[in-house]
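Keep in mind that the numbers below use all heavy atoms, side chains included, and drop hydrogens, waters and symmetry copies.
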Amino acid sequence: MGWGSWHWLVRFAGARHERLFRLRQHYAYKFSVASSVEGFKKQAPELEQGIAATAFYELTFNPATRMDVNSTDSRYPNPAMEWIMKKLGGPSTEKDAAT
């Protein structure tokens, strides 16, 4: 394996590790919200409907959709792929930075 291959592999593994870490954070947040709902309702019974609605909203989103969609590092960790996507008209670093 050449230097470029190792570099790409390290960047790819790093991007996957970061994504997994962020997903774990999202699910830990969901767990804390779900386990706190009953306590919040007991502390503020007059706001029970609002608390339930807010908790429901927070628990229904898919954490994977809130990940950094515009991150080019996680999209194309290989510089050659970035160049190919730029030539084909796909999203690239320059286009993401311009918008």
- Residues clustered with Phe21, ILVMFWY side-chain links under 4.5 angstrom: none
Could you pull out every donor-acceptor pair under 3.5 Å between side chains of residues 29-39 and any protein atom, sequence neighbours left out?
unit_1	atom_1	unit_2	atom_2	d
Tyr29	OH	Glu58	OE1	3.1
Lys30	NZ	Leu59	O	3.0
Lys30	NZ	Phe61	O	2.8
Ser32	OG	Tyr29	O	2.8
Ser35	OG	Phe31	O	3.0
Ser35	OG	Ser32	O	3.2
Ser36	OG	Ser32	O	2.6

- State which residues pass side-chain contact (heavy atoms from CB on, under 4.5 Å) with Ala44; sequence neighbours excluded, sorted by chain then number. Glu46, Leu47, Ile51
